[in-house]
Enquirer: 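Could you have a look at this structure, given as structure tokens, before my questions?
In what follows, every chain begins at residue 1, and chains take the letters A, B, ... in the order their sequences are listed. Model, not experiment: these values are computed from the prediction.
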Amino acid sequence: MTLATDAPKDVFRLSMLIYDTRYRSYTIQIAVLVLLLLFLGWITDNTIQNLAERGKDISFNFLWQRAGYDIDQQLIPYTNDSTHGRATVIGILNTLVVAIIGCLLATVIGVVAGVLRLSKNWLVARIMTVYVEVFRNIPVVLWIIVASVFLTETQPQPRDFKVTDEMIMAGEEPKASMLFGAIAITGRSTDIPAPVLSRPLPTLEIATVPVSLSFLAFLAVVVVSVMANRRFLTRVTAVQEETGVRPVTWWKSLLILFGPSIALLIAMGLHLEYPELKGFNFKGGISINHAFSALLVALSLYTGAFIAENVRAGIMAISRGQSEAAFALGLRPGRAMKLVILPQALRVIIPPLISQYLNLTKNTSLGIAVGYLDLRGTLGGITMNQTGREMECMVLMMGIYLVISLIVSSIMNAYNNAVKLRER
Amino acid sequence: MSDSSFVRTQMLPPEVPPLTERGLVRWMRENLFSSVLNTVLTLAGLAFVIYAVAATLPWFLNGVWNAKDIKECREIVLANAGPEATGACWALIRERWHQFLFGFYPADLYWRPVLALGLLLVSLAPLLYYSMRRANLILVGTVSVLTLIALALLAPGAALLVLFAGLFAALTAVAWYAPQKLVWLTLAFPLLAFALLWGGSVWGPIGVAAGFGILALVYSLTKSFLGVVVATGAGVVAAAVWWLMVQTSVTTALHGAIPLGIQAVNSDQFGGFLLAFVIGVTAIGASLPIGILLALGRRSDMMLIKTLCVGFIEFVRGVPLITVLFVATLLLGYFLPPQSNFDLILRVIILVTFFSAAYLAEVIRGGLAALPKGQYEAADALGLDYWQAQRLIIMPQALKVSIPGIVSSFIGLFKDTTLVAFVGLMDPLKGVTTIVRADVAWKGIYWEPYIFVGAIFFAVCFGMSRYSMYLERKLKTDHR
Amino acid sequence: GTLDDVKARGELLCGANPGLTGFAAPDANGEYQGFDAALCKAIAAAVLGDATKVKFVPLSSEVRFTALASGEVDVLVRNSTATYSRDNDLKLDFPVINYYDGQGFMVKKDLGVSSAKELDGATVCIQTGTTTELNLADFFKHNNITYTPVTVQDDSEAQRNYLAGSCDAFTTDASGLAAVRSSFPDPENHIILPEIISKEPLGPAVRHGDNQWGDVVRWTYNALLIAEEKGITKANLAEVEASSTDPEVRRLLGLEGDMGVMLGLDNAAFKNAILANGNYGEIFEATIGTSTPIGLARGLNALWTQGGLQYAAPFR
Amino acid sequence: MAEATKKMQVSDEVAIQISSMNKWYGQFHVLRDINMTVHRGERIVICGPSGSGKSTLIRCINRLEEHQSGRIVVDGTELTNDLKNIDKVRSEVGMVFQHFNLFPHLTILENCTLAPIWVRKTPRKEAEETAMHYLHKVKIPEQAHKYPGQLSGGQQQRVAIARSLCMKPRIMLFDEPTSALDPEMIKEVLDTMIQLAEEGMTMLCVTHEMGFAQAVANRVVFMDQGQIVEQNAPKEFFSNPQSDRTKLFLSQILGH
Amino acid sequence: MAEATKKMQVSDEVAIQISSMNKWYGQFHVLRDINMTVHRGERIVICGPSGSGKSTLIRCINRLEEHQSGRIVVDGTELTNDLKNIDKVRSEVGMVFQHFNLFPHLTILENCTLAPIWVRKTPRKEAEETAMHYLHKVKIPEQAHKYPGQLSGGQQQRVAIARSLCMKPRIMLFDEPTSALDPEMIKEVLDTMIQLAEEGMTMLCVTHEMGFAQAVANRVVFMDQGQIVEQNAPKEFFSNPQSDRTKLFLSQILGH
Ligand SMILES: Nc1ncnc2c1ncn2[C@@H]1O[C@H](COP(=O)(O)OP(=O)(O)OP(=O)(O)O)[C@@H](O)[C@H]1O
Ligand SMILES: Nc1ncnc2c1ncn2[C@@H]1O[C@H](COP(=O)(O)OP(=O)(O)OP(=O)(O)O)[C@@H](O)[C@H]1O
Ligand SMILES: [Mg+2]
Ligand SMILES: [Mg+2]
């Protein structure tokens with residue numbers, strides 16, 4: 001047996017920077033870092049030069065200047081005397097409201113379409129296939145425009161609702177009338193009754209945003225009833241575990257869930273304020289403009305088509321064996337769906353579902369096609385135009401979109417980690 | 001228990017199922033009316049279909065194909081179908097179809113984009129079918145015939161036509177005899193397409209190609225003493241120096257000496273589907289290598305590189321494409337040296353490329369993750385270096401698995417090219433439609449251009465998505 | 001400066017609105033036509049001696065000023081209103097005003113409205129990214145009445161919404177209103193309200209600080225005006241050139257003096273500019289005048305001699 | 001032991017009665033004129049070439065497939081379209097599949113208690129006790145709180161058997177319970193099944209494990225082309241097959 | 001034959017020298033003070049319970065894993081962090097994996113010629129000839145133009161061996177080459193390995209095939225808990241194990 005000689009001294013040679021696995025990765029990373037810094041420096045330098053040449057500077061002061069333009073959909077008070085900063089907030093809220101309602105609608109549409117696509121009913125399955133394929137394969141901008149055109153071109157005008165004395169004399173009907181006497185869909189907006197309180201609690205002003213105490217109280221009651229219902233259901237489950245029989249719960253649940261809030265609303269004097277034709281337009285009630293509706297409808301239908309595919313794939317991914325095993329154990333189809341198929345399918349469906357939510361949120365920026373004043377329309381549109389601050393507006397706008405996306409995707413990752421199937 | 005013993009002496013022949021199990025009756029019972037709920041659904045579906053058809057069919061049927069403006073259209077509909085009827089005015093499409101397809105590309109040069117499209121499809125063949133001779137032949141043959149027909153209709157002149165016929169015959173022959181050789185066309189296609197679409201001096205594309213030559217040269221010269229990764233970096237730097245600093249003067253000089261070229265077309269003349277394809281195909285094609293690098297970087301164990309790649313990917317995926325397009329038009333100018341200003345289309349393509357690279361990186365990462373670790377180990381154990389292992393072992397497998405994902409990225413991107421209208425480019429959906437409707441003759445026309453453009457989008461995207469589903473199924477079976 | 005760049009390039013880059021009927025829009029061949037487009041062609045003719053050496057860059061209202069500032073275009077001729085903040089904050093220069101306009105309203109006749117002040121509570125269609133939305137807000141605020149804005153992306157969207165009844169009134173520059181109305185199947189059913197709520201001086205814009213280039217634009221435009229004043233048309237130019245003894249005309253046509261060279265151009269520059277599309281009046285009549293479907297009267301844009309505002313400094 | 005099992009009492013009571021049953025898949029006549037009576041306590045092994053309809057037959061017995069003509073009576077309940085009858089039959093018949101079909105999102109214990117709790121309305125406590133009892137029986141009580149993905153194939157199949165047993169079925173159906181398993185694991189599962197047989201469970205088992213058939217079956221049924229070709233006590237069946245098809249089949253099965 | 005193989009000359013030249021080598025995975029000390037000398041022409045079988053570090057040891061020898069202390073000298077080249085040395089060692093050491101790890105997108109022939117062409121820069125023609133030579137040797141020349149997916153496991157493993165041989169390695173490492181195979185196929189592969197042994201290849205083989213060990217090994221190394229517990233000539237190793245652990249292990253292995 002020959003013995004190994006002593007290990008050679010580990011002297012550092014320059015070539016080790018490249019050949020030695022210990023140093024090589026540092027060499028590469030430092031090289032990349034240097035290149036990156038050079039690149040960033042180059043860009044910064046160019047930017048400074050360009051700004052100087054065009055006589056501009058970087059400043060976000062415009063956010064505190066008067067905006068001067070009007071926005072027709074405002075979730076918090078805004079007038080043309082408000083600042084650009086506030087206009088931006090309006091934009092963000094408008095983006096979020098489309099995104100959130102759109103996600104809900106798209107989920108409903110997608111789940112229904114996905115399930116119907118798997119239905120045994122040939123006709124319905126075919127219709128759903130056509131829906132999914134048509135929507136998925138045509139640009140969403142077209143759908144937004146089509147929705148807008150459809151709403152504006154095919155619906156009646158406010159004055160078609162008008163009933164004049166002559167018409168009553170002649171016994172004529174107006175050309176259009178409100179749905180259930182409460183909802184008016186016109187070529188320019190959808191007007192629905194607004195809930196109004198006759199004995200509201202006072203309103204507080206917090207950081208220039210008015211906060212209605214009535215609303216807070218309502219919210220609190222809802223939260224409490226939901227929690228109470230939870231407690232109730234846990235108790236029911238406990239009873240089931242004791243006796244094996246689950247007590248009938250639905251009406252008690254309903255009572256606990258809705259009773260208190262309804263009582264509160266009645267106490268505060270809730271009634272509906274119906275839209276009424278006054279002058280050129282319907283007044284009173286809540287007016288939902290068509291840019292919003294068109295964007296919402298188009299995005300929900302478009303994203304719904306994708307979600308339908310995810311749902312279908314998710315359900316199909318659960319092998320037939322699972323439902324057969326459940327049936328063989330004597331579970332009814334409904335129970336099998338709830339206890340066996342859905343919990344598994346959801347694991348498959350939810351990750352792509354959330355990335356669809358992300359897409360929908362980003363696609364709200366296409367409201368530009370119908371003039372919807374979301375974040376892009378306010379900060380990245382009119383504000384940018386009126387102030388000429390492209391750099392600041394774009395950076396701010398991308399930053400906000402990024403934050404929204406990152407929040408959504410971190411929720412996705414947390415969920416994925418939580419439901420991962422355990423394997424050996 | 002001998003009473004339970006039984007032997008069949010005569011085998012029973014199969015019988016036809018009972019009447020209730022056969023034919024239309026059974027089909028209807030099972031597929032339309034199997035339960036109360038199903039019956040309700042069927043009736044509702046039927047009502048919907050009937051309503052939809054009744055609402056739109058007359059409009060289509062009353063369509064006018066031949067009129068000089070919208071007023072004439074309306075008169076013809078009035079005359080043919082009475083005062084209450086509505087009708088489509090397809091005459092607009094008839095007059096302006098070329099703008100929807102080609103934008104303002106010179107009409108006598110339409111053959112160039114058509115030829116480029118034909119070559120694109122041919123050069124995809126080796127990627128899609130690898131070395132399957134029959135599939136290659138069918139694809140190349142069909143494409144050749146269709147392209148030749150289209151070219152003949154555009155009538156670029158008999159001499160050119162004969163030339164093209166020869167070219168496609170040659171390609172078809174290659175597809176049959178040596179399908180793998182088509183890869184050369186694939187590699188040359190980007191420059192070929194550039195030369196065809198933009199025209200101008202032939203030296204430009206050759207100069208660009210020379211850059212890749214320099215990259216390869218520097219890499220192979222320095223590989224032995226710098227190691228593969230560093231050598232790659234050196235090659236890239238050298239090529240960048242060539243492209244950014246040297247190339248223009250050399251090609252200008254060469255063009256001065258030997259002026260070879262065809263009529264140049266400015267990129268602002270690009271529009272319609274030509275523009276959509278140029279942006280879509282270039283961006284996907286160019287983003288593939290970047291996407292691969294990002295995906296590799298994201299899996300790298302070097303912290304800095306990984307962080308950079310993750311940061312880039314997450315950033316791009318977190319912002320809407322339209323903001324990226326606005327950056328291309330509004331901000332890119334700030335980041336580049338003063339006075340350097342290049343073509344809007346080019347700027348848009350560059351940013352869209354980075355955008356889609358981030359998405360492709362995720363697709364490819366999925367493909368890489370699907371590879372068993374053993375493949376890397378086997379490559380290591382055989383002594384292949386990093387790039388060799390990537391090129392010969394890892395990428396061919398990872399990309400094959402990723403093809404469906406890449407195709408759907410492409411579909412998404414292709415649809416999203418319509419957004420360039422918002423930065424002033426002539427996309428088919430909004431850009432061309434807007435200018436067409438600004439014409440006094442067609443003012444007031446609405447649905448027809450959208451239907452026309454939508455139908456083309458649908459045909460292209462649906463075709464591709466079906467194809468990628470087919471591929472997915474095929475890959476599933478041969479990956480057992 | 002820009003002049004040298006244009007000459008070196010051999011082509012004028014002209015930022016234009018791709019879809020404003022009568023002012024600028026590409027025709028079936030992709031050639032830009034219209035009142036604004038004609039000015040660009042005239043500038044190209046003056047600088048390069050060839051009216052076809054102009055490349056129109058379609059710009060949306062949102063990117064137009066950036067495009068100019070970043071040098072993507074040499075001159076922006078896109079119905080842009082000259083305002084104080086654009087001049088100073090955006091660092092632009094408006095060398096001339098080629099069209100005096102004002103913001104107005106159009107409503108349907110059967111709405112029964114005869115003054116903009118009666119529009120309380122109305123819905124108004126408006127294109128975003130322009131001065132019009134600020135004017136609109138100011139007007140309603142000043143008159144203490146309310147409105148609901150319907151913001152749209154471009155001109156054709158605005159018209160569609162207006163026609164479909166999405167809004168009661170459509171507001172934009174009066175010239176635009178006229179142009180739009182003319183294209184309706186039933187122009188007689190729409191009226192343009194008498195109120196003009198703003199001054200909208202529209203003109204070509206150039207980058208601040210490049211005075212020579214600004215001069216080129218200004219004097220090319222002035223040349224067109226003087227030509228009209230002096231009765232020089234595209235048709236009679238050769239004749240005038242041969243016969244005229246008016247020293248100003250002779251200077252204008254480059255027959256006398258070194259006027260073109262002083263500006264860094266050719267002496268025949270202004271002759272070429274006139275030859276491109278004719279004089280101001282001819283351009284007006286050919287693109288937006290009463291004989292066109294758009295049918296705008298000269299109004300404020302008549303020569304000063306005819307009671308309008310178009311007044312060119314003397315050519316000496 | 002094996003002989004002891006076989007000698008167990010088979011009662012006269014009829015557990016399953018199939019008469020003149022036919023089934024088609026579309027145009028394909030998959031089960032042809034099946035007649036078969038299974039007595040309580042009988043253990044029947046069904047074998048036959050692939051595609052002969054064994055699985056289909058077994059699945060018809062708990063109505064995972066519908067038959068088109070003839071009658072199937074299980075434990076006195078006839079299988080018709082009546083949902084109540086189907087529920088009744090399914091809760092009395094346990095089934096074990098080739099691919100186990102455990103619910104991967106539930107622990108072993110939850111897999112076993114799911115049906116008792118929701119179908120039998122057993123209190124959870126009791127259901128869990130029963131489940132632990134059967135998990136003891138199949139020798140994996142210590143895995144109760146793991147997930148199916150964490151167990152080996154043999155263990156999973158034993159859980160599947162325990163899961164069925166938790167419903168206290170009177171009849172058990174097995175569809176090739178060992179064919180997806182590695183050789184070492186087959187033994188574990190067969191042992192469990194033999195133990196079950198010893199306790200007198202009525203069993204129908206599709207399997208190619210001829211050792212098992214010889215050890216525990218009262219009767220071996222051979223199917224081909226959707227028909228019962230031959231049935232007999234295992235001894236006679238293996239030593240003295242009557243039909244040519246059976247002979248051919250046995251030579252292939254035992255030969256290799 | 002077997003005895004003949006064993007009597008083959010073992011040279012004095014050292015092929016692999018491992019001294020005081022230690023390796024950790026994070027906190028886990030997986031290889032502890034390994035000392036081992038392999039002479040050229042030696043055939044060593046490594047065995048031991050699962051998780052004892054056999055695979056890790058073998059993978060350290062061609063640097064698929066990095067060791068943290070001690071030295072490994074292969075063919076005179078020390079394995080350090082120097083990439084050049086690593087490349088050198090890898091091109092002289094062939095490795096065969098449990099799961100073959102053939103490249104599924106390349107034909108058998110391409111699998112075999114890939115490394116010679118790209119690493120050794122052999123002309124394609126020559127590389128193909130060599131490849132066909134080794135495919136003949138492992139008795140599957142007729143499969144050269146098929147893809148790995150079309151071959152049985154045993155055939156795939158033989159291709160994997162041929163692929164390694166095409167690099168003309170001086171040392172071959174095998175990591176449980178037969179454990180993923182069905183019994184019939186194991187023999188094919190073992191035959192190939194025996195043939196290789198007869199030709200005098202230096203081999204390190206992790207395997208539980210004790211028959212193989214007795215037939216061809218010069219030495220059997222027994223590992224447990226990351227340490228070499230016992231090594232000896234096969235005859236003594238099997239007939240007269242010294243350590244208790246070895247005895248226990250052998251009784252399990254040979255017993256079942
Ligand atoms: N859902 C179905 N639709 C149509 N044909 C089917 C269906 N299920 C099974 N078959 C066909 O019915 C025949 C019997 O199938 P079955 O699964 O009962 O056979 P088997 O005897 O269990 O075979 P194996 O041993 O392969 O499991 C086969 O030819 C099969 O192809
Ligand atoms: N990448 C790794 N990270 C952490 N621990 C590891 C890693 N690879 C292996 N181990 C652990 O190191 C120990 C030795 O593993 P090794 O694969 O060498 O065992 P083995 O003797 O080959 O076992 P087997 O016969 O199961 O293949 C095991 O306990 C294993 O869990
Ligand atoms: Mg079966
Ligand atoms: Mg191992």
Side-chain angles (χ1 to χ4, degrees), chain A residues 15 18-19 24-33 35-36 42-43 46-47 49-51 53 116 119-124 126-127 133-134 136-142 145-146 149 153 358 361-366 368-369 376 380 384 390-391 394-395 397-398 401-406 409, chain B residues 27 30-32 34 37-38 41-42 44-46 48-49 225-227 229-230 233 237 301-305 308 314-315 317-324 326-327 330-331 333-338 411 414-419 421-422 429-430 446-447 450 453-454 457-462 465:
Chain A
S15 68
I18 293 178
Y19 295 125
R24 206 174 61 125
S25 72
Y26 292 106
T27 317
I28 294 174
Q29 294 189 59
I30 288 171
V32 168
L33 187 66
L35 284 180
L36 181 74
W42 182 70
I43 282 189
N46 286 337
T47 311
Q49 280 188 42
N50 280 314
L51 284 170
E53 193 166 283
L116 287 185
S119 122
K120 275 191 189 161
N121 189 311
W122 180 86
L123 183 70
V124 171
R126 274 319 119 99
I127 292 176
E133 292 300 346
V134 165
R136 275 181 355 140
N137 289 307
I138 292 182
V140 60
V141 185
L142 180 60
I145 296 173
V146 164
V149 174
E153 304 273 331
L358 217 54
T361 308
K362 287 187 286 173
N363 279 340
T364 55
S365 60
L366 301 184
I368 184 177
R376 202 224 57 88
M384 182 170 83
E390 309 96 29
M391 184 74 88
M394 291 302 298
V395 168
M397 183 169 78
M398 290 177 100
Y401 276 118
L402 195 61
V403 167
I404 297 175
S405 299
L406 288 182
S409 59
Chain B
W27 184 89
E30 268 189 11
N31 293 306
L32 296 178
S34 61
L37 179 69
N38 259 335
L41 280 178
T42 304
L46 216 55
F48 170 79
V49 170
F225 58 92
L226 285 182
V229 176
V230 181
V237 169
D301 41 16
M302 293 183 237
M303 261 318 279
L304 177 73
I305 298 201
L308 282 180
E314 293 303 326
F315 173 75
R317 286 160 51 90
V319 298
L321 175 58
I322 195 159
T323 61
V324 174
F326 276 111
V327 167
L330 295 172
L331 296 194
Y334 283 107
F335 300 144
L336 297 175
I411 294 175
F414 183 64
K415 283 187 296 176
D416 280 350
T417 55
T418 49
L419 304 191
F422 297 118
L429 181 57
K430 219 166 142 49
Y446 218 85
W447 296 106
Y450 289 144
V453 173
F457 267 112
F458 179 78
V460 173
C461 297
F462 184 68
S465 76

Enquirer: Kindly indicate whether the side chain of B:V327, heavy atoms from C-beta on, has any atom under 4.5 Å from the side chain of A:M398.
Expert: yes
Enquirer: Look up atom CZ in B:F326 and atom CZ in A:R376, then write down how far apart they are to the nearest 0.5 Å.
Expert: 4.5 Å
Enquirer: Among B:N38, B:L41, B:L46, which residue meets the side-chain contact (heavy atoms from CB on, under 4.5 Å) test with A:L123?
Expert: B:L46
Enquirer: Heavy atoms, side chains only, cut-off 4.5 Å: are A:L142 and B:V453 in contact?
Expert: no
Enquirer: Given side chains that start at C-beta, do those of A:M391 and B:L331 come closer than 4.5 Å, heavy atoms only?
Expert: yes
Enquirer: Pick one of side chain, backbone, both or neither for A:V141, based on which atoms fall under 4.5 Å of a heavy atom in chain B.
Expert: both
Enquirer: Nearest 0.5 angstrom please: A:K362 NZ to B:L321 CG, how far?
Expert: 9.0 Å
Enquirer: Pairing donors with acceptors under 3.5 angstrom, does anything connect the side chains of A:E390 and B:Y334?
Expert: yes
Enquirer: Does any backbone or side-chain atom of A:V403 lie under 4.5 Å from a heavy atom of chain B? Answer side chain, backbone, both or neither.
Expert: neither
Enquirer: Say you draw a straight line from CZ of B:F462 to CD of A:E133; how long is it, rounded to the nearest 0.5 Å?
Expert: 4.5 Å
Enquirer: Within the structure provided, determine whether B:T323 and A:S365 are in side-chain contact (heavy-atom separation under 4.5 Å).
Expert: no
Enquirer: So for B:V49, is it side chain, backbone, both, or neither that comes closer than 4.5 Å to the heavy atoms of chain A?
Expert: side chain
Enquirer: Just to verify, what does A:V134 make a side chain to side chain contact (heavy atoms under 4.5 Å, CB included) with, not counting sequence neighbours?
Expert: A:V130, A:I138, A:W143, B:F458
Enquirer: Verify the neighbour count for atom OH of A:Y26: are there more than 12 heavy atoms of other residues, nucleotides or ligands below 6.0 Å?
Expert: no
Enquirer: Run the side chain to side chain contact (heavy atoms under 4.5 Å, CB included) test against A:I404 and tell me which residues pass, sequence neighbours left out.
Expert: A:L96, A:T361, A:I400
Enquirer: So how far is it from B:E314 CD to A:S409 OG, rounded to the nearest 0.5 Å?
Expert: 6.0 Å
Enquirer: So what's closer than 4.5 Å to chain B heavy atoms on A:L116: side chain, backbone, both or neither?
Expert: side chain
Enquirer: At a heavy-atom separation under 4.5 Å, does A:A31 approach chain B through its side chain, its backbone, both, or neither?
Expert: neither
Enquirer: Do A:I28 and B:I305 have side chains that get closer than 4.5 Å, going by heavy atoms?
Expert: yes
Enquirer: Examine distances only and state if a side-chain atom of B:K415 and a backbone atom of A:R136 form a donor-acceptor pair shorter than 3.5 Å.
Expert: yes
Enquirer: Please test B:F335 against A:T47 for side chain to side chain contact (heavy atoms under 4.5 Å, CB included), starting from the C-alpha separation and ending with a verdict.
Expert: CA-CA 5 Å; B:F335 300 144; A:T47 311; 3.4 Å; yes
